[in-house]
Amino acid sequence: MPDYKDRQPLSYYRTALPGVDYSELQGKLIVIEGPDAVGRSTQIRGLKPWLEELGHAVLDTGMARSALAGKGIKEAKQGNTLGPVTMTMYYLTDFADRLENEIIPALRAGVVVLTDRYIYSVMARAIARGENRAWMEKAAGFALVPHAVFYLRAGVQDLISRVVVGRGAFDYWESGLDTGFGRNMYDSFVRYQSRLIRVFDSLADPYGFEVIDATRPPVEVFESLKASVSRVFEPQEQPRKPVQPVQAIRAVKAAARRE
Amino acid sequence: MPSFLPNRGPGRLIVVEGIDGSGKSTQIALLSQWLRLRGFAVAFSEWNSSPLVKETTRRGKKKEMFTPTSFSLIHATDFADRMERYILPLLKAGAVVCADRYAYTAFARDVVRGVDRAWVRNLYRFALKPDLAFYFKVPLETALGRILGGRNALKYYEAGMDLGLSRNIEESFRIFQGRILGEYESMIEEMGFHVIDATHSIEAQQKEMRRIVLREFGLVRPPGVLGVDLNAARLHA
């Protein structure tokens, strides 16, 4: 399990953004990642009120929701001429706009930012389409290193049943039809999503994902997410004044219980 | 040298670069015309012209929403779209593609805006390496004279007003262009630009460009490079 205490303060992966004072960022950045139809938005719908109940101000954001590029991306996806590099660049534009105009200001104000997907989805989609990984990692290197990344993991068969039951139809882009992964939507979905899952798996270690088994019922997934998200907030509860012996013993016992 | 992808042709990619008012657009138009009349199939691509991102760019500019990073990325998106849909397939078909501005414009402008030099060079790694890159070298005052004399009012981002260099738009434009010029100058060797002295007459500059094109491409249309019916080309020219 990653030690979230080591992740302070917030910083970038590779490249600093011009004009950002990283030491000002107070809030928490929590990412929910995973493939299409794995249930990310359902979980976020539960996590947000739960965090608010605990007294945190929460900003939820997600891909293609920027004021700048959200509309343009949706329109571009309506046509059939969006190439893989263009799509990647467009998503990065959308991400940069949300990072600088929503996420960073919220963190500066001490807000908990809960984001549905992050750069890892942009990277995974590009890599699954055959784009160069090192290129992608450097291009997205201006992203903040989140306090925690929860990777909702499921197999392609689980995704299929959720698409069929939940949505009733396969989506053009979720099936990777733009790059010809298969002759029909089902075959294409299986191949493309399998490849996406492999890419996500390969990102898990280098980017410190905490893997959450998303093959379980949503309620169970929610319980384990709550337990994991709680740990992100632990450092705040540590006493600032010198530790009293009794408190120290309690802390050790509490740590032992958590182990 | 940034690691652009090699142009596996058979077409040829010619680009022109330089600050505003360097005269590069006039020269690439003349060169395209000349190549057409010599029987080449010529296509043209201009910086920031993809219909796919047009609305987004317009919205961002109008509402002054851009940061240096998102400004850089939306231009990379525009470039990627033109590369994937237009430039690359045309080069595969054997056309001569003439581009008014290329990735180097981003390398100069975005860096002046404060974007990391290595980051923006990596961003454009999907670009094809041009067969010929002309740089129109001009003193700042000459270029400013051409721009500030005739044209309509300067625009916000064009003048670098987002950098807060000066509250006066002309003064901001001067400082901004001066810095971009500095970036271009430092790229000449790194990028292997063919430098054209843009203080010379239009005719003399064009003569020099044609000489370089003939030297690089040869007198006869190379194999695989797409030709056009000369009579048709003359009619349409």
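Chain letters run A, B, ... following the sequence lines, proteins first, then strands; residues in each count from 1. Heavy atoms only: backbone and side chains are in, while hydrogens, waters and symmetry mates are out.
Both the backbone and the side chain of Ala67(A) come within contact range of chain B, judged by heavy atoms closer than 4.5 Å. Phe66(B) touches chain A through its side chain: at least one heavy atom from C-beta onward sits under 4.5 Å away, while N, CA, C and O do not.
Residues passing the side chain to side chain donor-acceptor pair (under 3.5 Å) test with Tyr102(B): none are found, sequence neighbours excluded.
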Can you list every donor-acceptor pair under 3.5 Å that links chain B to chain A?
{"from": "Thr56(B)", "atom 1": "OG1", "to": "Tyr90(A)", "atom 2": "OH", "distance (Å)": "2.6"}
{"from": "Arg59(B)", "atom 1": "NH1", "to": "Leu68(A)", "atom 2": "O", "distance (Å)": "3.0"}
{"from": "Thr67(B)", "atom 1": "OG1", "to": "Glu100(A)", "atom 2": "OE1", "distance (Å)": "2.4"}
{"from": "Leu73(B)", "atom 1": "O", "to": "Thr93(A)", "atom 2": "OG1", "distance (Å)": "3.4"}
{"from": "Thr77(B)", "atom 1": "OG1", "to": "Met89(A)", "atom 2": "O", "distance (Å)": "3.2"}
{"from": "Thr77(B)", "atom 1": "OG1", "to": "Thr93(A)", "atom 2": "OG1", "distance (Å)": "3.1"}
{"from": "Ala80(B)", "atom 1": "O", "to": "Thr86(A)", "atom 2": "OG1", "distance (Å)": "3.3"}
{"from": "Asp81(B)", "atom 1": "N", "to": "Thr86(A)", "atom 2": "OG1", "distance (Å)": "3.2"}
{"from": "Glu84(B)", "atom 1": "OE1", "to": "Val85(A)", "atom 2": "N", "distance (Å)": "3.4"}
{"from": "Glu84(B)", "atom 1": "OE1", "to": "Thr86(A)", "atom 2": "N", "distance (Å)": "2.9"}
{"from": "Glu84(B)", "atom 1": "OE1", "to": "Thr86(A)", "atom 2": "OG1", "distance (Å)": "2.5"}
{"from": "Glu84(B)", "atom 1": "OE2", "to": "Val85(A)", "atom 2": "N", "distance (Å)": "2.9"}
{"from": "Arg85(B)", "atom 1": "NH1", "to": "Thr81(A)", "atom 2": "OG1", "distance (Å)": "2.9"}
{"from": "Trp119(B)", "atom 1": "NE1", "to": "Lys138(A)", "atom 2": "O", "distance (Å)": "3.4"}
{"from": "Trp119(B)", "atom 1": "NE1", "to": "Ala139(A)", "atom 2": "O", "distance (Å)": "2.8"}
{"from": "Asn122(B)", "atom 1": "O", "to": "Trp135(A)", "atom 2": "NE1", "distance (Å)": "3.2"}
{"from": "Asn122(B)", "atom 1": "ND2", "to": "Trp135(A)", "atom 2": "O", "distance (Å)": "3.1"}
{"from": "Leu123(B)", "atom 1": "O", "to": "Trp135(A)", "atom 2": "NE1", "distance (Å)": "3.1"}

